[in-house]
Amino acid sequence: MIIKALRTAGECLDQGDLVCIFAEGQITRIGMLLPFHRGLERIIRGRTAPVIPIYMDRIWGSFYSPAGGSFFSNL
């Protein structure tokens, strides 16, 4: 399943689509930065798509955050 997701992300980049990747491998569940996984490296290897790093601040506890339960409990 993970390999399929990495391939799909790469195919989307090849088609010129924008792909957002959490370097930790998922949305962090504790609101703190965790160690990075190698998925990003595998997706961009051999591709010329630009990588634009961003920092998302103050999203812990927001609508999109799992703070206080699951994402769906915030709906």
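Only a predicted model underlies this, so the values are computations on that prediction, with no experimental measurement involved.
Among residues two or more places apart in sequence or in another chain, the salt bridge (charged side-chain N to carboxylate O under 4.0 Å, His left out) test is passed with Glu41 by Arg38. Every side-chain contact (heavy atoms from CB on, under 4.5 Å) that Leu40 has, sequence neighbours left out, goes to Ile21, Ile44. Arg7 is linked by a salt bridge (charged side-chain N to carboxylate O under 4.0 Å, His left out) to nothing, counting only residues two or more places apart in sequence or in another chain.
Residues in residues 11-22 take part in these side chain to side chain donor-acceptor pair (under 3.5 Å) pairs, two or more places apart or across chains: Asp14-Arg47.
Considering all non-hydrogen atoms of both residues, Ala9 and Ile43 come closest at CB-CD1, 3.8 Å.
Phe36 and Ile2 sit in two unconnected hydrophobic clusters of ILVMFWY residues. Membership requires side-chain heavy atoms under 4.5 Å apart, directly or through other members. At a threshold of 4.5 Å between side-chain heavy atoms, the hydrophobic network of Ile, Leu, Val, Met, Phe, Trp and Tyr places Val19 and Phe22 in two separate groups.
Separation of atoms CD1 (Ile54) and SG (Cys20) is listed at 5.5 Å; rounding is to 0.5 Å.
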